[in-house]
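Shown next, in structure tokens, is the structure this report addresses.
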Amino acid sequence: MRVGMIGCGVISRQYLASFDQLPDVQLVAVADLDPARAAAAAEGREGVRVLSVDELIEDSEVDTILNLTIPAAHAEVDLKAIAAGKNVYSEKPFAVTVQEGAEVLAAAEAAGVLVGSAPDTVLGTGTQTARAAIDEGVIGTPTAAMATMVCPGHERWHPQPDFYYVPGGGPLLDMGPYYIHALVTLLGPVASVIGAASRTRDTRTIGSGPRAGETIPVSTDTHVTGVLVHESGVLSTLVMSFDAVATSAHPIEIHGTEGTLAVPDPNHFDGEVSVRRLGGEGWESLPVNGGYAGAGRGIGLQDMAVRGRELRASGELGQHVLEVMNAVLESSQSGSRIEIASTVSRPAAVPSTEHLTTIS
């Protein structure tokens, strides 16, 4: 798979660190609205060309576009790439609005190209070991889940945090994809949601980089909570906040009739999975039992290259999660329960492996 990367900002560094470990993926070109950033991304990488965005999309040596632009541009760039006959793999969220995401999927279907969506962290050993434990009945029948992400805000460390505080950003659309992709991978699709949200202040102050001390406006909610009703009947409680200092809660807990599973941070690929069994004594660590070992951001591209239309980090999953997140926000405004129109198959499990090349 010959990849052209559009967007060479902060997140691109993690993808660049992974490309040499992906046997079926080759980075061939990069582009950014800032040519200097694109040149920096290509520096020291033999055969990687620096192009304009339009040149990269039309380039015959590129068959897949890795879209690392800001969320507001995801759908626009994806649609241009699809029109040029390219596969697309987009950073999260899949799009800003459900309509935009639907347009991307429809265009891809008509063009016969593949669509993938981050996050691919759910393909690592952390979430996949938890998935194996659930599938093996370690906690009995799942009944409920809790997903918690709280922090004081990304402006404290990100030098260009503006997009986190406008529609399409906020803690839910920024961090929610990691948690909800994991919940769907573990427990299946969501049927309906109930949400509530708040905003503590209308401005934020940048804490690092050349703009440190600059005040930026906040036009989206910064604390969001909700209940996701899975098609299976499991209830997942979600808390996503840029308004809290810290929490002692596990990032994700899955409760079942025979035990509780503690799942590591879904923003990471690995991490300890532990279980508290009914009648047991304390938490018990589980051995790794699934997932791409040693994975980093970009493993979703490798999975796409090997599995084609059976890719796990699919656009359909990204679109379902996008609809869930937007429904939580809609419910927070209306006070009503929102039914989710879309559904998606629970992604196939990733068996345990020591080498990326042995998984299909």
What's the spacing between [X] [atom1] and [Y] [atom2] if we round to 0.5 Å?
X: Lys86; Y: Leu56; atom1: NZ; atom2: CG; answer: 8.0 Å
X: Ile134; Y: Leu187; atom1: CD1; atom2: CG; answer: 5.0 Å
X: Glu316; Y: Glu109; atom1: CD; atom2: CD; answer: 8.0 Å
X: Leu238; Y: Ile180; atom1: CG; atom2: CD1; answer: 5.0 Å
X: Thr69; Y: Ile65; atom1: OG1; atom2: CD1; answer: 11.0 Å
X: Leu105; Y: Gln319; atom1: CG; atom2: CD; answer: 5.0 Å

Assigning hydrophobic clusters by single linkage (Ile, Leu, Val, Met, Phe, Trp, Tyr; side-chain heavy-atom cutoff under 4.5 Å), is [X] placed with [Y]?
X: Ile57; Y: Val104; value: yes
X: Leu322; Y: Val96; value: no
X: Leu186; Y: Val350; value: no
X: Leu173; Y: Leu317; value: yes
X: Val77; Y: Leu68; value: no

Test item: side-chain donor near acceptor, [X] and [Y], under 3.5 Å:
X: Thr222; Y: Asp243; value: yes
X: Glu91; Y: Tyr15; value: yes
X: Glu323; Y: His320; value: no
X: Tyr292; Y: Asp303; value: yes
X: Thr343; Y: Glu231; value: yes
X: Asn289; Y: Glu136; value: yes

Check whether any side-chain heavy atom of [X] sits under 4.5 Å from a side-chain heavy atom of [Y], and report yes or no.
X: Ile82; Y: Val88; result: yes
X: Leu301; Y: Phe19; result: yes
X: Pro171; Y: Ser241; result: no
X: Arg131; Y: Thr185; result: yes
X: Val229; Y: Leu235; result: yes
X: Pro161; Y: Ile216; result: yes
X: Pro159; Y: Ile206; result: no
X: Ser232; Y: Pro142; result: no

How close do [X] and [Y] get, heavy atom to heavy atom, and via which atoms?
X: Leu114; Y: Arg309; value: CD2-CG, 3.5 Å
X: Met1; Y: Thr64; value: CG-OG1, 3.2 Å
X: Gln333; Y: Asp221; value: NE2-OD2, 3.7 Å
X: Glu100; Y: Ala75; value: CB-CB, 3.7 Å
X: Pro93; Y: Met325; value: CB-CE, 4.1 Å
X: Ala73; Y: Asn67; value: O-ND2, 4.3 Å

Main chain of [Y], side chain of [X]: is a donor-acceptor contact present, judged purely on distance under 3.5 Å?
X: Arg312; Y: Ala348; result: yes
X: Asp63; Y: Arg2; result: yes
X: Thr237; Y: Met146; result: no
X: Asp120; Y: Ile299; result: yes
X: Lys92; Y: Asp174; result: yes
X: Ser334; Y: Ser336; result: yes
X: Arg49; Y: Val30; result: no
X: Arg45; Y: Leu16; result: yes
X: Asp59; Y: Glu55; result: no
X: Ser274; Y: Glu284; result: no

Do the two ring centres, one from Phe242 and one from His223, sit under 6.0 Å apart?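 No, the ring of Phe242 stays outside the 6.0 Å limit from the ring of His223, centre to centre.
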Examine Phe163 together with His158 and report whether their ring centres are nearer than 6.0 Å.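 Aromatic pair counts; centres sit under 6.0 Å.
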Starting from the C-alpha separation in whole Å, work towards a yes-or-no answer on side chain to side chain contact (heavy atoms under 4.5 Å, CB included) for Thr125 and Phe269. CA-CA 6 Å; Thr125 56; Phe269 287 86; over 6 Å; no
Given Val328, which of Leu228, Thr225, Ile338 fulfils the side-chain contact (heavy atoms from CB on, under 4.5 Å) condition?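 Among the candidates, only Leu228 passes.
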Could you check Asp265, Thr148, Leu172 and say which one makes a side-chain contact (heavy atoms from CB on, under 4.5 Å) with Tyr179?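 It is Asp265; the other options fail the test.
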Above 12 or not: heavy atoms from other molecules or residues under 6.0 Å from [atom1] of [X]?
X: Glu339; atom1: CD; answer: yes
X: Glu214; atom1: CD; answer: yes
X: Leu33; atom1: CG; answer: no

Verify side chain to side chain contact (heavy atoms under 4.5 Å, CB included) between Thr141 and Glu258, making sure each step is shown before the conclusion. CA-CA 7 Å; Thr141 302; Glu258 300 298 324; over 6 Å; no
Intermediate values then yes/no, side chain to side chain contact (heavy atoms under 4.5 Å, CB included), Val62 and Val3: CA-CA 6 Å; Val62 173; Val3 172; over 6 Å; no
Under the ring-ring contact (aromatic ring centres under 6.0 Å, His included) rule, what pairs show up with a residue in residues 70-104, not counting sequence neighbours?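 Not a single pair qualifies under ring-ring contact (aromatic ring centres under 6.0 Å, His included).
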If you apply the rule salt bridge (charged side-chain N to carboxylate O under 4.0 Å, His left out), what do you find for Asp162 with Arg211, and how did you get there? CA-CA 11 Å; Asp162 308 68; Arg211 297 171 62 198; 2.7 Å; yes
Working note: Val25 + Met304, criterion side chain to side chain contact (heavy atoms under 4.5 Å, CB included); need CA distance, chi angles, decisive distance, verdict. CA-CA 9 Å; Val25 178; Met304 174 190 279; over 6 Å; no
Hey, can you tell me if Trp157 and Tyr164 have their rings parallel, tilted or perpendicular (30° and 60° cut-offs)?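 Tilted: the ring planes of Trp157 and Tyr164 meet at 30° to 60°.
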Please determine if Arg346 and Asp135 form a salt bridge, counting it only when a charged side-chain N lies under 4.0 Å from a carboxylate O.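 The answer is yes: the pair qualifies as a salt bridge.
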